[in-house]
Amino acid sequence: MTPILATKLHMPLSRQGRVRRLSLIQRLNEGLQGKMTLISAPAGFGKTTLLCEWIAGSGRPAAWLSLDDGDNAPVRFLVHLIAALQTVAPGIGSRILAALQSVHPPPVDAILPELLHDLGALPHAVILVLDDYHVLDAPQLHAALSFLLDHLPPQLHLAVATREDPDLPLARLRVQGQLTELRAADLRFALPEVTEFLNRMMALGLSEANVAVLDHRTEGWIAGLQLAALSMQGRENLPAFIEAFAGDHRFIVDYLMEEVLRRQPEDVRTFLLHTSILERLCGSLCNAVTGQTGGSARLEALERGNFFVVPLDDRRHWYRYHHLFADFLQMHLQADQPGGVPALHRQASVWFESEASAADAIRHALAAKDVERAADLIERAVPALRRSRQEATALDWLRVLPDLVVRRRPVLSVYYAGGLLMGGQREGVEERLLDAQRWLDGTQMDAAPPMVVVDQDEFRGLGSLIALYRAAMALSSGHFTETVTQARRVLDLVPAGDEFKRGAASGLMGLALWADGYLEEAHQSYLEAMAGLHRAGYRSDAVGCAVAVADLELEQGHLHLALATYERGLHVAMEGGGLALRGAADMHVGLSALACERGDLKAATQHLSRSRELGEFLGLPQNRFRWCRTAARIKEIQGDLDGALDLLNEAQRLYVSDFFPEVRPIAALRARIWIKQGKVEDALAWATAQHLSTIDLLTYLREFEHITLARLLLSQEHHKQTNPALLQAINLLERFLYAAKDGGRTRSVSEILVLQALAYRQRGDGREALTRLEAALKLAMPERNIRIFVDEGAPMAVMLKKFAKQGSTVNAVWQLLKAFENAGNAAAVNPSSLETLSERELEVLRLLQSELTGPELARTLAVSLNTLRTHTKNIYSKLGVNTRRAALRRAHELELI
Amino acid sequence: MSAPQELAEARDGPGSYQIRVKEHLDARWAARFEGLSLSHERSGSTLTGLLLDQAALHGVLRKIHDSGLTLLAVVQVVSEVAEPMELDPAQSRH
């Protein structure tokens, strides 16, 4: 845990005595029966102090989180939230934390159910405190917290302290009696509390009348009373002071701050003013900024003296001023010494730099308006940020720098471009890259200010980084040739050891080649990317590559290879024990889709459930979409076409555009279901909307749609043998076949052959139909791609039966007929019954018909007796029998011999 | 009352605002509300000036809230006739 995070999770319990607020605490305790406590009041009303006092005495463990601006980034917020919860429930949400800290953190709404699940398992009651909630303004976070509140497990109570009412369903909670609220009117000190504070705690010994005057003047505002007490301490004539204070009409803070500061010794006043620029204070930092010594002792003295100093840890190393107090100090500093402020920030920046706290050093350099210093610091800080995937932070800094400062720094220019790209922004990227390129090429204009480079190592590798970003730009604009050119340049420039850049370049190249239809080259490129990233330790990225590699293998009809790829990916995702990596869920979805095509619905369903069990946050961005698409496929195979359509619509909704080519668009999948349902009108409307026609130029990216169009034509002409449209469909398919074969796209080739077989049969050309069918069987059956035939239903079954009596690939035909039988009860399909008998096994099966004994058979086959036993055992198990006699009977039944 | 179109124009672009708070503020505060001028009345102070847009206005309002000041009114000076938008000045206390 970083020191900063530790201070955010620390309940700032002051060691000072406090005014005990028993009635408020009683209300808070009673409120624990409800879901939420809201303490909503302006600054200085003692919200945090009250929370601390309540929690310290409540006997319930509390997870404390002090929010700041940075928590508006949802990932950061969730990381901090879980870290806070872990202070009271060690280990809770560890899996979520791991996922959040990965390359592409999962979306918040994928995480919440998992978080709720973990919270539901809390062994004891816990209060979750979110202090300074008003700093959150990201609507996404309000939505997330509303969701948490709606599903809050009974063990958890949410307590929120804020200056503004939060955008949470407060009205509903009020009506349900689930909300306890304390507001400004409740928090103001009442007269007895004012008396206790001034006379007991601050020991000022004031008369009742004087206390009443102060109560009236401050309206029970606690920060005002505390300031008043500070300005009265050690003063001789208190009644006179109080009279003057009461008679003055200025804002009490203006009046009292001046009093407080005026009464401090010079060095204390300087200390307070100069350190007011700091968000957090520690002795050494204060010394650096003030030029004084003894900072730690000073801070402790201020805490003891009630100077609005809040300890941020138990060791009293870090403190901060009460926000309001810091604001007023800064106002005085600004008014009294406006010229000195930048120097203070600069000293703070230097101190943080020496402490290797880049973000703070940069923040103070920017506040000092020392942009060159800030630029230097940013240039040094970005490589580390890039490694931890915080490009967005780098971009935030760079946006603040004046354009000219960035432009004369090639390294920063390229970082700027990278930050834009990572944020999905294309505008301005090339401009920044060109700026940097000009420095590299030495073509910068003469009049330009001199180049600045701080990080020489990065500068040396800049050419390849520029090419990498250009490759990404080209890919997102659909310029595939340019993508490949730039990616090649990266590979030429980057030394063998830089696996990340090489992997990224190979991946981009693979995507471009894929989208262009060069499947084999794309496959090769992606394999290299996957291996490189794995070697470099980017395991999750490597698993992500496996999705693409397997997709490509499926396109090429290599179901066996795809299976191996998913299994290897799953292995990588699970290795290293304990926590599965992101992408594990994707592997199961892939395995499920594969099992579908092999007709093994049981396995398909199991993998899909397994993916869901792992949790959505173990899926890459596209996984939810793929999950739904696969679930739709299962429904389709089960014959629930309406269910399939619903899931496809859901998949459409979940689709996130990424760089993967959309090879099988959801709209086309939906059209295929409509065709099956006989909803020709809907399917035609789809074809029109997609501008599909039989004379289109054939491109790989539209191939699936074109084949779907051919299906539509065939389905329309079902009963009209002589209709010219049938011929049109056949011709269309012939063109597709040529293109698909040319591109090595075996999956499409097989499907086209199947459709041709059906079309020729429809025309009455049985011979040609069988030729096509045989070709399809030869391609698809060795890979056990069964559904490609079974999907076609009765016409295919009839054709196969006819074929079984005459053809050469009888074994495969039998398997398919078996699959057709099972399709009636598709969910119960037993994969083992679908396994192919090998040529050798068929040979053994034929010999089993003879009277030969085992040893004689072995001799005839020239194998050992053991090998023969292995063969017969396999044959028996595939045929589902136990004896030689039963095997022969079954084989005759099935026309295997 | 201004015509709707004029109002829309005023809402989109920069506009002159008067913001009244209950407290009497020191001259120091002018620096905190950069660009706005500060004046005093019998009951409180007024910040006046040109603000770029609604976001700038909300930024000022947030500062007022964060400083513990009590907001009384926000007036946008659209045309010659200003339409004050009075907020409830009373803060209950027991």
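The chains referred to below are lettered A, B, ... by the order of the sequence lines, with proteins before strands, and numbering in each begins at 1.
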Charged N-O contact under 4.0 Å between Lys63(B) and Asp327(A): no
Roughly how far apart are Arg250(A) CZ and Asp26(B) CG, rounded to 0.5 Å? 5.0 Å
How many angstroms lie between CG in Asp254(A) and NE2 in His24(B), if you round to the nearest 0.5 Å? 11.0 Å
More than 12 heavy atoms of other residues, nucleotides or ligands under 6.0 Å from CD of Glu208(A): yes or no? no
Given that the side chain runs from C-beta out, which part of Tyr255(A) has a heavy atom under 4.5 Å from chain B: side chain, backbone, both or neither? neither
Note, Arg28(B) side chain near Glu258(A) side chain (heavy atom, < 4.5 Å): yes
Part of Asp248(A) lying under 4.5 Å from any heavy atom of chain B: neither
Taken to the nearest 0.5 Å, the spacing of Glu164(A) CD from Arg62(B) CZ works out to 4.5 Å
Count the heavy atoms belonging to other residues, nucleotides or ligands that lie under 6.0 Å from CZ of Arg346(A), then report whether that count exceeds 12. no
Does any backbone or side-chain atom of His323(A) lie under 4.5 Å from a heavy atom of chain B? Answer side chain, backbone, both or neither. neither
Is the CZ atom of Arg20(A) crowded by more than 12 outside heavy atoms at less than 6.0 Å? no
Asp66(B) to Ala43(A) - nearest heavy-atom pair and separation: O-CB, 3.7 Å
Can you establish whether the number of heavy atoms outside Glu41(B) located under 6.0 Å from its atom CD is more than 12? yes
